[in-house]
**Q** 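Questions regarding the structure given below will be posed in turn.
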Amino acid sequence: MDSLDTTVTTGTAVSPQLSAAVRHDWTRDEIAALFDLPFPELVFRAQSVHRQHFAPDEVQLSTLLNIKEGGCPEDCGYCSQSVHHDTGVPASALMDADAVAAEARKAKAGGAQRFCMGAAWRELKDRDVPKIAAILREVKALGLETCMTLGMLTEAQAAALKEAGLDYYNHNLDSSPEFYERIITTRTYGDRLDTLAAVRGAGMKVCCGGIVGMGESRMDRVGLLESLATLSEHPESVPINLLVPVAGTPAADQRRLDTLEFVRTIAVARILMPASWVRLSAGRQTLTDAEQGLCFLAGANSIFYGDRLLTTPNPEEDDDLRLLGALGMVAAT
Ligand code: SAM
Ligand code: DTB
Ligand code: SF4
C-alpha cells in the first residue's frame, strides 16, 4: 500500500508500508480522497509518514514579533491590520533595531529557536531595506534563526535580505486560488507566487501556508494544500492558521471550523509535504490541550511560542512548556 491507496481494511490489523517520498504532482482528487479517509486511518498514515522524516517527540519553537503594526493598504478580509477594516489596531512606525533585538534576546532566553518578524506592509519599500538589514544583523548575532514577513518582495530585495542574514521568508497563499479572490482583492494569487519565486531565487527557505475557517469549503482546503504541495520545492515550513476572528473584519462572524476538520487538514498537509515542518499556527487559544495533542499526533511539529501573535493573544510560554511536558515532547534541536 502506498500513500495514494485509499483502500481501508476494516476489522483487520494492517501495518501498511506507507511511502514518505516527497512528491510534487499531487492532484485534487488524491488530496480529497485523503480528506475522506476514516479519521483513525488518516491520522495513522500522517503519523507513519511523519516518523520517516522527523523525531515524533520534537516541536520547533518560533517566536513572533510585530515590528510594524497596522495601517496596511491591503484588504485581506481576516486581518486586523488592514486600513479597510475598523478594528481599533493603531498604525505604528517600524521598530528600531535595538528594540527588536531586546525582544529577540527575551525570546532566546525563553527557549525560542527562530525569531519571526512581521510588518503590516503591502510590499517592502527599497527605502526600508537598510533598516530591515540592521534588524536582521542584530537578531542573527544572537544566534537565532531569522524569519520575516514583509509583504511582496522583488528579486533584488530578496537577495539583499538573504545577504543581511535572513534564513526564512513567510508569505502565505492563504487559501485555494478560487476562494482567495473572495477574501483579498488588492493583490493576486499570482503576485504571491512571484514573491515566493523571488525568495527561492535568492536561496532563502520558504515559510508558506494558509488560513482555514474563513468560510471556505473542504474543496478550498484541498485547493490550498494542492497549491502548496505542487510547488517545485515544498516550503520548509508550512503554517496552518485557524482563523482568529477579529471584530471589525469581514471574517469576524465566521463559524468556528470543526476541530476534527482542522486536524484532518494538518494530517493531509503532513502526508503531502512529508519533509516540511507543519506549524500549528494561529488559533491555539481556542484549542484544548487534548486537541493540540491530536494536532501533534496528526503531524504538526512546530508552534508559535510566546504570548502574542501579531495583534492577538497566543498561549503563555509557561502553559506551552507545561503542555509539551505533559505530552512528553521536547523543543527540536
Ligand atoms: N503583511 C504581510 C503579508 O500579508 O504578507 C505579513 C503579515 S500577515 C498578517 C501574515 C499571515 O498571517 C497572513 O498571510 C495570514 O495567513 C495570517 N493571519 C493574519 N491574520 C490572521 C487571523 N486573524 N487569523 C489567522 N491567521 C491570520
Ligand atoms: C503565519 O502564518 N501566521 C502568523 C505569521 N505567519 C506572521 C500570523 C498570525 C496572525 C494572527 C492574527 C493576529 O495576531 O493579528
Ligand atoms: Fe496587510 Fe498582511 Fe494584513 Fe493583508 S495580512 S492586510 S497584507 S498585514
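Just so you know, ligand 1 is whichever comes first in the structure, and atom 1 is the first atom listed for that ligand.
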**Q** With a 4.0 Å cut-off, would you call R28 and E178 a salt bridge?
**A**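 Here R28 pairs with E178 in a salt bridge, since their nearest N and O are under 4.0 Å apart.
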**Q** My understanding is that we take every heavy atom of each candidate and find the minimum distance to atom 14 (O) of ligand 2. Doing that for N314, D174, T312, which one comes out nearest?
**A** T312
**Q** Looking at T149, which atoms of ligand 2 are within less than 4.0 Å of one of its heavy atoms?
**A** 7 (C)
**Q** If Ile, Leu, Val, Met, Phe, Trp and Tyr residues are connected whenever their side-chain heavy atoms lie under 4.5 Å apart, and connections chain through other members, are L310 and L243 in the same group?
**A**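 No, because L310 and L243 fall into different hydrophobic clusters, even though each may have its own neighbours under 4.5 Å.
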**Q** Atoms of ligand 2 less than 4.0 Å from P239 heavy atoms?
**A** 2 (O)
**Q** Indicate if M148 and M152 have the same hydrophobic cluster label, given that clusters are the connected sets of ILVMFWY residues with side-chain heavy-atom separations under 4.5 angstrom.
**A**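 In one cluster: no.
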**Q** Among V246, T311, N241, which one has a heavy atom closest to atom 2 (O) of ligand 2?
**A**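 Looking at heavy atoms only, the winner is N241.
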**Q** Are R122 and D191 ion-paired here, with the side-chain N under 4.0 Å from a carboxylate O?
**A**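 No.
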**Q** Got a salt bridge between D128 and K68, using NZ or NE/NH1/NH2 to carboxylate O under 4.0 Å?
**A**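 The answer is no: the pair does not qualify as a salt bridge.
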**Q** Please give the N or O to N or O pairs under 3.5 Å between ligand 1 and the protein, distances rounded to 0.1 Å.
**A**
from: ligand 1; atom 1: 1 (N); to: A119; atom 2: O; distance (Å): 3.3
from: ligand 1; atom 1: 1 (N); to: W121; atom 2: O; distance (Å): 3.2
from: ligand 1; atom 1: 4 (O); to: R187; atom 2: NH2; distance (Å): 3.2
from: ligand 1; atom 1: 5 (O); to: R187; atom 2: NH2; distance (Å): 3.4
from: ligand 1; atom 1: 14 (O); to: D174; atom 2: OD1; distance (Å): 3.1
from: ligand 1; atom 1: 16 (O); to: N172; atom 2: ND2; distance (Å): 2.9
from: ligand 1; atom 1: 16 (O); to: D174; atom 2: OD1; distance (Å): 2.7
from: ligand 1; atom 1: 23 (N); to: Y78; atom 2: O; distance (Å): 3.2
from: ligand 1; atom 1: 23 (N); to: V244; atom 2: O; distance (Å): 2.9
from: ligand 1; atom 1: 24 (N); to: V244; atom 2: N; distance (Å): 2.9

**Q** At what distance is the nearest protein heavy atom to atom 4 (C) of ligand 2, and which residue and atom is it?
**A** F304 CE1, 3.6 Å
**Q** Count the heavy atoms of every other residue, nucleotide or ligand shown that sit under 6.0 Å from CG of D25, and state whether that count exceeds 12.
**A**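 For D25, atom CG is crowded (more than 12 foreign heavy atoms under 6.0 Å).
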**Q** Do R279's NZ or CZ and the ring of F304 fall within the cation-pi criteria of under 6.0 Å and 45°?
**A** yes
**Q** Looking only at heavy atoms, is any part of R187 under 4.0 Å from ligand 3, and if so is it the side chain, the backbone, or both, or is it neither?
**A**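 The part of R187 near ligand 3 is the side chain, not the backbone.
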**Q** To which protein heavy atom is atom 8 (C) of ligand 2 closest, and what is the distance rounded to 0.1 Å?
**A**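 Checking every protein heavy atom, the shortest distance to atom 8 (C) of ligand 2 gives L310 CD1, 3.7 Å.
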**Q** Indicate if V244 and V89 have the same hydrophobic cluster label, given that clusters are the connected sets of ILVMFWY residues with side-chain heavy-atom separations under 4.5 angstrom.
**A**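 No, V244 does not connect to V89 through the hydrophobic network.
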**Q** Atom 6 (N) of ligand 2: which protein heavy atom is closest, and how many Å away?
**A** N170 OD1, 3.1 Å
**Q** Testing K205, K162, K140 for salt bridge (Lys or Arg N to Asp or Glu O under 4.0 Å) with D167, which one passes?
**A**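 Going through K205, K162, K140 one by one, the salt bridge (Lys or Arg N to Asp or Glu O under 4.0 Å) with D167 is satisfied by K140 alone.
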**Q** Between ligand 2 and G118, can you find any atom pair, the residue atom being a heavy atom, that is separated by under 4.0 Å?
**A** no
**Q** What distance separates L294 CG from T288 OG1, expressed to the nearest 0.5 Å?
**A** 8.5 Å
**Q** Indicate yes or no: does E30 engage R23 in a salt bridge with an N to O separation below 4.0 Å.
**A** yes
**Q** Taking only heavy atoms of S80 into account, list the atoms of ligand 2 that are under 4.0 Å away from them.
**A** 15 (O)
**Q** Salt-bridge test for R187 and E123: reply yes if a basic N is under 4.0 Å from a carboxylate O, no otherwise.
**A** no
**Q** What protein N/O/S atoms are found closer than 2.8 Å to atom 1 (Fe) of ligand 3?
**A** C72 SG
**Q** Keeping the roles fixed (side chain from Q157, backbone from L124), state whether a donor-acceptor pair exists under 3.5 Å.
**A** yes
**Q** Please evaluate residues D220 and S175 with respect to the criterion side-chain hydrogen bond (donor to acceptor under 3.5 Å, both in side chains), reporting the C-alpha separation (whole Å), side-chain torsions for both, the decisive distance (0.1 Å), and the verdict.
**A** CA-CA 7 Å; D220 290 313; S175 194; 5.3 Å; no
**Q** Side chain, backbone, both or neither: which part of S281 comes within less than 4.0 Å of ligand 2 when only heavy atoms are counted?
**A**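 The answer is neither.
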**Q** Should L153 and W121 be counted in the same cluster of Ile, Leu, Val, Met, Phe, Trp and Tyr side chains packed under 4.5 Å apart?
**A**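 Cluster IDs for L153 and W121 match.
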